[in-house]
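So that the names make sense, note that chain A is the first sequence line, chain B the second, and so on, each numbered from 1.
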Protein chains: 2
Amino acid sequence: MSHLLRQHLSTITPFSDAEFDYVLSHFTPKKLKKHQFLVQEGNAVPNDHFVLKGLLKATHVSPDGKEHILQFAMEDWWITDYQAFHQQSAATINIDCIEATEVLSLSLYNREKLCSELHKIEHCFRVKTSAGYVALQRRILSLLDSNARERYEQFIQQYPTLTQRLPKTLIAAYLGVSRETLSRLYAL
Amino acid sequence: MSHLLRQHLSTITPFSDAEFDYVLSHFTPKKLKKHQFLVQEGNAVPNDHFVLKGLLKATHVSPDGKEHILQFAMEDWWITDYQAFHQQSAATINIDCIEATEVLSLSLYNREKLCSELHKIEHCFRVKTSAGYVALQRRILSLLDSNARERYEQFIQQYPTLTQRLPKTLIAAYLGVSRETLSRLYAL
DNA sequence: CCGCCGGTGTGATCTATATCACTTTTTATT
DNA sequence: AATAAAAAGTGATATAGATCACACCGGCGG
(Lines give C-alpha, C1' and ligand atoms only; values in the text may rest on other atoms or scores of the structure.)
Protein backbone atom coordinates (compact mmCIF):
# COMPACT_ATOMS: atom_id res chain seq x y z
CA MET A 1 0.00 0.00 0.00
CA SER A 2 1.29 3.44 -0.93
CA HIS A 3 1.74 6.29 1.50
CA LEU A 4 -1.48 7.75 2.94
CA LEU A 5 -0.48 11.27 1.95
CA ARG A 6 0.14 10.14 -1.60
CA GLN A 7 -3.28 8.53 -1.79
CA HIS A 8 -4.74 11.72 -0.40
CA LEU A 9 -3.10 13.96 -2.97
CA SER A 10 -3.80 11.52 -5.78
CA THR A 11 -7.51 12.00 -5.40
CA ILE A 12 -6.84 15.40 -7.01
CA THR A 13 -3.87 14.82 -9.38
CA PRO A 14 -1.39 11.99 -9.88
CA PHE A 15 2.19 12.51 -8.61
CA SER A 16 5.28 10.76 -9.93
CA ASP A 17 7.49 8.93 -7.42
CA ALA A 18 10.08 11.69 -7.64
CA GLU A 19 7.51 14.44 -7.21
CA PHE A 20 5.94 12.74 -4.25
CA ASP A 21 9.27 12.10 -2.55
CA TYR A 22 10.14 15.74 -3.03
CA VAL A 23 6.84 16.85 -1.53
CA LEU A 24 7.16 14.43 1.36
CA SER A 25 10.65 15.70 2.19
CA HIS A 26 9.04 18.97 3.33
CA PHE A 27 7.04 17.27 6.07
CA THR A 28 8.18 16.26 9.55
CA PRO A 29 6.64 13.24 11.27
CA LYS A 30 5.45 13.56 14.84
CA LYS A 31 3.97 11.07 17.31
CA LEU A 32 1.64 12.04 20.13
CA LYS A 33 0.11 10.16 23.02
CA LYS A 34 -3.51 10.30 24.04
CA HIS A 35 -4.29 13.65 25.75
CA GLN A 36 -1.13 15.28 24.41
CA PHE A 37 -1.45 18.74 22.84
CA LEU A 38 -0.56 19.45 19.23
CA VAL A 39 -1.46 23.14 19.46
CA GLN A 40 -1.90 25.08 22.66
CA GLU A 41 -3.67 28.38 23.20
CA GLY A 42 -1.24 31.28 23.36
CA ASN A 43 1.59 29.49 21.55
CA ALA A 44 2.84 30.03 18.02
CA VAL A 45 1.42 27.74 15.33
CA PRO A 46 4.26 27.04 12.91
CA ASN A 47 2.67 24.02 11.25
CA ASP A 48 -0.31 22.54 9.51
CA HIS A 49 -0.77 18.80 10.21
CA PHE A 50 -1.85 15.86 8.10
CA VAL A 51 -3.14 12.98 10.22
CA LEU A 52 -1.66 9.56 9.45
CA LYS A 53 -3.20 7.77 12.41
CA GLY A 54 -5.31 8.68 15.42
CA LEU A 55 -7.97 11.19 16.32
CA LEU A 56 -7.81 14.80 17.52
CA LYS A 57 -10.10 17.65 18.46
CA ALA A 58 -9.74 21.42 18.09
CA THR A 59 -11.46 23.19 20.95
CA HIS A 60 -12.18 26.66 22.16
CA VAL A 61 -12.96 27.45 25.76
CA SER A 62 -15.51 30.24 26.09
CA PRO A 63 -15.06 32.94 28.78
CA ASP A 64 -17.48 31.06 31.06
CA GLY A 65 -15.39 27.90 30.86
CA LYS A 66 -17.35 25.76 28.42
CA GLU A 67 -15.45 23.77 25.84
CA HIS A 68 -16.75 23.90 22.28
CA ILE A 69 -15.37 21.79 19.47
CA LEU A 70 -14.45 23.54 16.25
CA GLN A 71 -13.22 20.48 14.40
CA PHE A 72 -12.26 16.83 14.70
CA ALA A 73 -9.54 15.21 12.61
CA MET A 74 -8.80 11.58 11.93
CA GLU A 75 -6.73 9.71 9.34
CA ASP A 76 -6.44 11.61 6.05
CA TRP A 77 -7.63 14.94 7.47
CA TRP A 78 -5.75 18.17 8.03
CA ILE A 79 -5.82 20.12 11.24
CA THR A 80 -4.29 23.22 12.79
CA ASP A 81 -5.35 26.63 14.10
CA TYR A 82 -5.66 28.09 10.61
CA GLN A 83 -6.20 31.64 11.71
CA ALA A 84 -3.02 31.64 13.80
CA PHE A 85 -1.13 29.58 11.23
CA HIS A 86 -1.82 31.96 8.36
CA GLN A 87 -1.18 35.18 10.19
CA GLN A 88 1.63 33.67 12.26
CA SER A 89 0.01 34.77 15.47
CA ALA A 90 -0.71 33.08 18.80
CA ALA A 91 -3.17 30.18 18.87
CA THR A 92 -6.66 30.93 20.17
CA ILE A 93 -7.65 27.28 20.27
CA ASN A 94 -6.26 24.02 21.66
CA ILE A 95 -5.75 20.87 19.66
CA ASP A 96 -5.25 17.63 21.55
CA CYS A 97 -5.33 13.91 20.95
CA ILE A 98 -8.39 11.81 21.68
CA GLU A 99 -6.39 8.75 20.65
CA ALA A 100 -2.65 8.14 20.22
CA THR A 101 -1.81 9.98 17.03
CA GLU A 102 0.78 10.29 14.26
CA VAL A 103 0.88 13.35 12.04
CA LEU A 104 3.01 14.84 9.30
CA SER A 105 3.71 18.49 9.99
CA LEU A 106 4.21 21.10 7.29
CA SER A 107 5.52 24.55 8.13
CA LEU A 108 4.00 27.63 6.54
CA TYR A 109 7.33 28.34 4.88
CA ASN A 110 7.53 24.87 3.35
CA ARG A 111 3.95 24.98 2.31
CA GLU A 112 4.38 28.25 0.45
CA LYS A 113 7.65 26.96 -1.00
CA LEU A 114 5.98 23.83 -2.34
CA CYS A 115 3.07 25.84 -3.68
CA SER A 116 5.27 28.20 -5.60
CA GLU A 117 7.58 25.48 -6.94
CA LEU A 118 4.94 22.96 -7.91
CA HIS A 119 1.79 24.32 -9.45
CA LYS A 120 0.24 20.89 -9.00
CA ILE A 121 0.44 20.98 -5.24
CA GLU A 122 -1.02 24.45 -5.02
CA HIS A 123 -3.87 23.08 -7.09
CA CYS A 124 -4.35 20.26 -4.58
CA PHE A 125 -4.45 22.67 -1.68
CA ARG A 126 -6.92 24.94 -3.44
CA VAL A 127 -9.26 22.07 -4.21
CA LYS A 128 -9.06 20.70 -0.67
CA THR A 129 -9.64 24.12 0.85
CA SER A 130 -12.65 24.72 -1.38
CA ALA A 131 -14.14 21.43 -0.26
CA GLY A 132 -13.51 22.41 3.34
CA TYR A 133 -15.19 25.76 2.74
CA VAL A 134 -18.31 24.06 1.47
CA ALA A 135 -18.33 21.69 4.46
CA LEU A 136 -18.18 24.65 6.85
CA GLN A 137 -21.04 26.36 5.05
CA ARG A 138 -23.10 23.23 5.48
CA ARG A 139 -22.32 23.17 9.17
CA ILE A 140 -23.36 26.81 9.54
CA LEU A 141 -26.63 26.10 7.77
CA SER A 142 -27.18 23.16 10.06
CA LEU A 143 -26.59 25.35 13.12
CA LEU A 144 -29.01 27.97 11.82
CA ASP A 145 -31.71 25.67 10.44
CA SER A 146 -31.85 22.59 12.58
CA ASN A 147 -32.62 21.69 16.17
CA ALA A 148 -30.49 19.48 18.39
CA ARG A 149 -31.98 16.20 17.23
CA GLU A 150 -31.69 17.03 13.54
CA ARG A 151 -28.09 18.13 13.94
CA TYR A 152 -27.25 14.90 15.72
CA GLU A 153 -28.86 12.82 12.99
CA GLN A 154 -26.99 14.78 10.32
CA PHE A 155 -23.75 14.15 12.19
CA ILE A 156 -24.34 10.42 12.33
CA GLN A 157 -25.13 10.38 8.63
CA GLN A 158 -22.15 12.45 7.67
CA TYR A 159 -19.54 10.93 9.97
CA PRO A 160 -20.41 7.33 10.80
CA THR A 161 -16.80 6.53 11.67
CA LEU A 162 -16.46 9.46 14.07
CA THR A 163 -19.78 8.51 15.65
CA GLN A 164 -18.22 5.15 16.56
CA ARG A 165 -14.93 6.49 17.80
CA LEU A 166 -16.12 9.46 19.87
CA PRO A 167 -17.79 9.61 23.28
CA LYS A 168 -21.17 11.34 23.11
CA THR A 169 -19.94 14.12 25.36
CA LEU A 170 -17.61 15.28 22.59
CA ILE A 171 -20.20 14.98 19.87
CA ALA A 172 -22.44 17.18 22.02
CA ALA A 173 -19.68 19.80 22.32
CA TYR A 174 -19.30 19.75 18.54
CA LEU A 175 -23.01 20.11 17.88
CA GLY A 176 -23.44 22.94 20.37
CA VAL A 177 -25.77 20.97 22.63
CA SER A 178 -25.36 19.99 26.27
CA ARG A 179 -24.34 16.42 27.07
CA GLU A 180 -27.60 15.86 28.92
CA THR A 181 -29.81 17.06 26.07
CA LEU A 182 -27.97 14.85 23.60
CA SER A 183 -28.48 11.91 25.90
CA ARG A 184 -32.22 12.52 26.09
CA LEU A 185 -32.45 12.71 22.31
CA TYR A 186 -31.94 8.99 22.38
CA ALA A 187 -35.68 8.63 22.24
CA LEU A 188 -35.11 8.59 18.49
CA MET B 1 -8.97 54.37 -10.55
CA SER B 2 -8.13 50.88 -11.73
CA HIS B 3 -10.65 48.10 -12.07
CA LEU B 4 -12.09 46.78 -8.80
CA LEU B 5 -11.23 43.20 -9.70
CA ARG B 6 -7.67 44.21 -10.39
CA GLN B 7 -7.37 45.91 -7.03
CA HIS B 8 -8.85 42.82 -5.45
CA LEU B 9 -6.36 40.43 -7.04
CA SER B 10 -3.46 42.80 -6.46
CA THR B 11 -3.83 42.45 -2.73
CA ILE B 12 -2.33 38.99 -3.32
CA THR B 13 0.00 39.40 -6.32
CA PRO B 14 0.57 42.13 -8.90
CA PHE B 15 -0.74 41.55 -12.44
CA SER B 16 0.59 43.17 -15.59
CA ASP B 17 -1.90 44.98 -17.84
CA ALA B 18 -1.78 42.15 -20.36
CA GLU B 19 -2.27 39.51 -17.69
CA PHE B 20 -5.17 41.34 -16.15
CA ASP B 21 -6.88 41.92 -19.47
CA TYR B 22 -6.52 38.25 -20.23
CA VAL B 23 -8.02 37.29 -16.89
CA LEU B 24 -10.84 39.80 -17.26
CA SER B 25 -11.75 38.43 -20.69
CA HIS B 26 -12.96 35.26 -18.97
CA PHE B 27 -15.62 37.11 -17.00
CA THR B 28 -19.08 38.20 -18.13
CA PRO B 29 -20.69 41.31 -16.66
CA LYS B 30 -24.27 41.15 -15.42
CA LYS B 31 -26.62 43.76 -13.98
CA LEU B 32 -29.44 42.95 -11.60
CA LYS B 33 -32.25 44.97 -10.10
CA LYS B 34 -33.22 44.97 -6.46
CA HIS B 35 -35.05 41.72 -5.57
CA GLN B 36 -33.79 39.95 -8.67
CA PHE B 37 -32.34 36.45 -8.27
CA LEU B 38 -28.77 35.60 -9.17
CA VAL B 39 -29.10 31.94 -8.16
CA GLN B 40 -32.36 30.12 -7.64
CA GLU B 41 -32.97 26.90 -5.77
CA GLY B 42 -33.27 23.93 -8.10
CA ASN B 43 -31.44 25.58 -11.01
CA ALA B 44 -27.95 24.89 -12.29
CA VAL B 45 -25.15 27.13 -10.96
CA PRO B 46 -22.75 27.67 -13.84
CA ASN B 47 -20.95 30.69 -12.36
CA ASP B 48 -19.15 32.19 -9.44
CA HIS B 49 -19.71 35.95 -9.09
CA PHE B 50 -17.51 38.86 -8.12
CA VAL B 51 -19.52 41.85 -6.90
CA LEU B 52 -18.65 45.20 -8.49
CA LYS B 53 -21.54 47.12 -6.96
CA GLY B 54 -24.52 46.39 -4.78
CA LEU B 55 -25.49 43.97 -2.06
CA LEU B 56 -26.81 40.40 -2.10
CA LYS B 57 -27.82 37.66 0.27
CA ALA B 58 -27.59 33.87 0.04
CA THR B 59 -30.47 32.26 1.85
CA HIS B 60 -31.79 28.85 2.67
CA VAL B 61 -35.40 28.21 3.50
CA SER B 62 -35.80 25.51 6.14
CA PRO B 63 -38.56 22.89 5.81
CA ASP B 64 -40.77 24.90 8.19
CA GLY B 65 -40.49 27.99 6.01
CA LYS B 66 -37.99 30.12 7.87
CA GLU B 67 -35.34 31.97 5.89
CA HIS B 68 -31.77 31.78 7.17
CA ILE B 69 -28.90 33.73 5.69
CA LEU B 70 -25.76 31.86 4.79
CA GLN B 71 -23.84 34.81 3.47
CA PHE B 72 -24.02 38.42 2.38
CA ALA B 73 -21.91 39.89 -0.39
CA MET B 74 -21.10 43.46 -1.25
CA GLU B 75 -18.49 45.21 -3.40
CA ASP B 76 -15.28 43.21 -3.69
CA TRP B 77 -16.77 39.95 -2.37
CA TRP B 78 -17.47 36.69 -4.16
CA ILE B 79 -20.75 34.83 -3.99
CA THR B 80 -22.43 31.73 -5.41
CA ASP B 81 -23.82 28.40 -4.23
CA TYR B 82 -20.37 26.84 -3.92
CA GLN B 83 -21.58 23.35 -3.25
CA ALA B 84 -23.71 23.32 -6.40
CA PHE B 85 -21.09 25.24 -8.39
CA HIS B 86 -18.29 22.80 -7.66
CA GLN B 87 -20.23 19.63 -8.19
CA GLN B 88 -22.28 21.13 -11.02
CA SER B 89 -25.50 20.15 -9.33
CA ALA B 90 -28.76 21.98 -8.63
CA ALA B 91 -28.71 24.95 -6.26
CA THR B 92 -30.00 24.35 -2.74
CA ILE B 93 -29.98 28.04 -1.85
CA ASN B 94 -31.27 31.28 -3.32
CA ILE B 95 -29.18 34.34 -3.94
CA ASP B 96 -30.97 37.62 -4.53
CA CYS B 97 -30.23 41.32 -4.57
CA ILE B 98 -30.87 43.54 -1.58
CA GLU B 99 -29.76 46.51 -3.67
CA ALA B 100 -29.35 46.98 -7.43
CA THR B 101 -26.23 45.03 -8.25
CA GLU B 102 -23.50 44.54 -10.84
CA VAL B 103 -21.39 41.41 -10.89
CA LEU B 104 -18.72 39.77 -13.00
CA SER B 105 -19.55 36.12 -13.58
CA LEU B 106 -16.93 33.42 -14.03
CA SER B 107 -17.90 29.96 -15.23
CA LEU B 108 -16.40 26.88 -13.62
CA TYR B 109 -14.79 26.01 -16.94
CA ASN B 110 -13.16 29.42 -17.28
CA ARG B 111 -12.08 29.38 -13.70
CA GLU B 112 -10.33 26.05 -14.05
CA LYS B 113 -8.88 27.17 -17.35
CA LEU B 114 -7.42 30.32 -15.81
CA CYS B 115 -6.10 28.36 -12.86
CA SER B 116 -4.30 25.86 -15.02
CA GLU B 117 -2.91 28.46 -17.41
CA LEU B 118 -1.83 31.04 -14.88
CA HIS B 119 -0.29 29.73 -11.70
CA LYS B 120 -0.62 33.21 -10.24
CA ILE B 121 -4.39 33.24 -10.41
CA GLU B 122 -4.69 29.83 -8.83
CA HIS B 123 -2.55 31.22 -6.03
CA CYS B 124 -4.95 34.13 -5.62
CA PHE B 125 -7.93 31.83 -5.42
CA ARG B 126 -6.22 29.59 -2.90
CA VAL B 127 -5.33 32.50 -0.65
CA LYS B 128 -8.83 33.98 -0.86
CA THR B 129 -10.47 30.63 -0.16
CA SER B 130 -8.21 30.05 2.85
CA ALA B 131 -9.20 33.42 4.25
CA GLY B 132 -12.84 32.53 3.70
CA TYR B 133 -12.32 29.23 5.47
CA VAL B 134 -10.97 30.99 8.53
CA ALA B 135 -13.88 33.44 8.51
CA LEU B 136 -16.36 30.57 8.46
CA GLN B 137 -14.58 28.89 11.37
CA ARG B 138 -14.90 32.11 13.32
CA ARG B 139 -18.60 32.26 12.59
CA ILE B 140 -19.07 28.65 13.74
CA LEU B 141 -17.25 29.42 16.96
CA SER B 142 -19.44 32.45 17.45
CA LEU B 143 -22.58 30.34 16.96
CA LEU B 144 -21.32 27.75 19.45
CA ASP B 145 -19.86 30.09 22.05
CA SER B 146 -21.90 33.25 22.14
CA ASN B 147 -25.45 34.29 22.90
CA ALA B 148 -27.62 36.50 20.73
CA ARG B 149 -26.32 39.78 22.11
CA GLU B 150 -22.67 38.82 21.80
CA ARG B 151 -23.14 37.61 18.25
CA TYR B 152 -24.82 40.87 17.33
CA GLU B 153 -22.02 42.90 18.83
CA GLN B 154 -19.43 40.83 17.02
CA PHE B 155 -21.31 41.39 13.78
CA ILE B 156 -21.34 45.15 14.25
CA GLN B 157 -17.61 45.10 15.01
CA GLN B 158 -16.74 42.90 12.07
CA TYR B 159 -19.03 44.41 9.43
CA PRO B 160 -19.74 48.07 10.20
CA THR B 161 -20.64 48.79 6.58
CA LEU B 162 -23.11 45.92 6.37
CA THR B 163 -24.63 47.02 9.65
CA GLN B 164 -25.45 50.36 8.00
CA ARG B 165 -26.77 48.95 4.76
CA LEU B 166 -28.90 46.08 6.08
CA PRO B 167 -32.29 46.09 7.79
CA LYS B 168 -32.14 44.43 11.21
CA THR B 169 -34.48 41.70 10.08
CA LEU B 170 -31.79 40.39 7.76
CA ILE B 171 -29.04 40.68 10.32
CA ALA B 172 -31.24 38.62 12.65
CA ALA B 173 -31.65 35.93 9.98
CA TYR B 174 -27.87 35.86 9.56
CA LEU B 175 -27.19 35.60 13.27
CA GLY B 176 -29.77 32.88 13.82
CA VAL B 177 -31.95 34.98 16.11
CA SER B 178 -35.55 36.07 15.70
CA ARG B 179 -36.24 39.63 14.59
CA GLU B 180 -38.06 40.35 17.84
CA THR B 181 -35.22 39.14 20.04
CA LEU B 182 -32.69 41.20 18.12
CA SER B 183 -34.89 44.25 18.55
CA ARG B 184 -35.08 43.75 22.31
CA LEU B 185 -31.30 43.45 22.53
CA TYR B 186 -31.25 47.14 21.89
CA ALA B 187 -31.08 47.64 25.60
CA LEU B 188 -27.32 47.54 25.00
C1' DC C 1 -9.68 -7.45 43.39
C1' DC C 2 -10.81 -2.93 44.66
C1' DG C 3 -11.43 1.89 44.00
C1' DC C 4 -11.91 5.45 41.08
C1' DC C 5 -12.85 7.94 37.00
C1' DG C 6 -14.71 8.69 32.44
C1' DG C 7 -18.76 8.11 30.23
C1' DT C 8 -23.71 7.92 30.46
C1' DG C 9 -28.65 8.28 31.88
C1' DT C 10 -32.48 10.75 34.15
C1' DG C 11 -35.38 13.78 37.21
C1' DA C 12 -36.48 18.67 38.64
C1' DT C 13 -35.97 23.05 37.70
C1' DC C 14 -34.60 27.48 35.24
C1' DT C 15 -33.85 30.63 31.32
C1' DA C 16 -32.85 32.51 26.88
C1' DT C 17 -35.09 32.87 23.02
C1' DA C 18 -39.12 31.82 19.92
C1' DT C 19 -43.74 32.80 18.82
C1' DC C 20 -47.95 35.30 18.25
C1' DA C 21 -50.41 39.41 18.05
C1' DC C 22 -50.60 44.07 17.64
C1' DT C 23 -48.87 49.07 17.18
C1' DT C 24 -45.87 52.63 15.49
C1' DT C 25 -42.39 54.45 12.44
C1' DT C 26 -40.05 54.81 8.21
C1' DT C 27 -39.49 54.36 3.44
C1' DA C 28 -40.93 53.81 -1.08
C1' DT C 29 -44.33 54.49 -5.04
C1' DT C 30 -47.85 56.51 -7.85
C1' DA D 1 -49.40 64.51 -0.78
C1' DA D 2 -51.66 59.95 -0.44
C1' DT D 3 -51.34 55.26 0.11
C1' DA D 4 -49.07 51.23 0.40
C1' DA D 5 -45.43 48.36 1.90
C1' DA D 6 -41.43 47.36 4.69
C1' DA D 7 -39.10 47.79 9.02
C1' DA D 8 -39.01 48.17 13.83
C1' DG D 9 -40.71 48.02 18.65
C1' DT D 10 -43.22 45.70 22.43
C1' DG D 11 -46.27 42.87 25.51
C1' DA D 12 -47.83 38.10 26.80
C1' DT D 13 -46.94 33.57 26.53
C1' DA D 14 -44.74 29.09 25.17
C1' DT D 15 -40.79 26.01 24.73
C1' DA D 16 -36.31 23.88 23.54
C1' DG D 17 -32.62 23.25 25.73
C1' DA D 18 -29.41 24.45 29.80
C1' DT D 19 -28.29 23.59 34.41
C1' DC D 20 -27.89 21.22 38.71
C1' DA D 21 -27.92 17.09 41.21
C1' DC D 22 -27.49 12.50 41.65
C1' DA D 23 -27.23 7.50 40.40
C1' DC D 24 -25.25 3.85 37.63
C1' DC D 25 -22.03 1.18 34.99
C1' DG D 26 -17.71 -0.74 33.21
C1' DG D 27 -12.84 -0.74 32.61
C1' DC D 28 -8.03 -0.35 34.05
C1' DG D 29 -4.23 0.94 37.10
C1' DG D 30 -2.40 0.03 41.46
### Query
What's the verdict on ring pair (Phe, Tyr, Trp, His ring centres under 6.0 Å) for Phe27(A) and Phe50(A), showing C-alpha distance, side-chain angles and the deciding distance?
CA-CA 9 Å; Phe27(A) 286 79; Phe50(A) 177 77; 7.3 Å; no

### Task
For the residue pair Glu67(A) and His60(A), confirm or rule out a side-chain donor-acceptor distance under 3.5 Å.
no

### Query
Under a 4.5 Å cut-off applied to non-hydrogen side-chain atoms, are Leu52(A) and Asp76(A) in contact?
no

### Task
Taking heavy atoms of chain A and a 4.0 Å limit, find me the 5'-most and 3'-most nucleotide of DNA chain C within that range.
dG7(C) to dA12(C)

#### Entry: Under 4.0 Å protein heavy-atom contact, by nucleotide of nucleotides 13-30 of chain D - B base, S sugar-phosphate only
----SBBB----------

### Query
Do any pairs count as a salt bridge (Lys or Arg N to Asp or Glu O under 4.0 Å) and have a residue in residues 97-110 of chain A, sequence neighbours left out, and if so which ones?
Lys31(A)-Glu102(A), Glu99(A)-Arg165(A)

#### Entry: Electrostatic pair Lys120(A)-Glu19(A), nearest N-O below 4.0 angstrom
yes

### Task
Before accepting this row, confirm whether a basic side-chain N of the pair Asp96(A)/Lys33(A) lies closer than 4.0 Å to the acidic partner's carboxylate O.
no

### Message
Cation-pi check for Phe125(B) against Arg111(B): NZ or CZ below 6.0 Å from the six-membered ring centre and within 45 degrees of the axis, yes or no?
### Response
yes

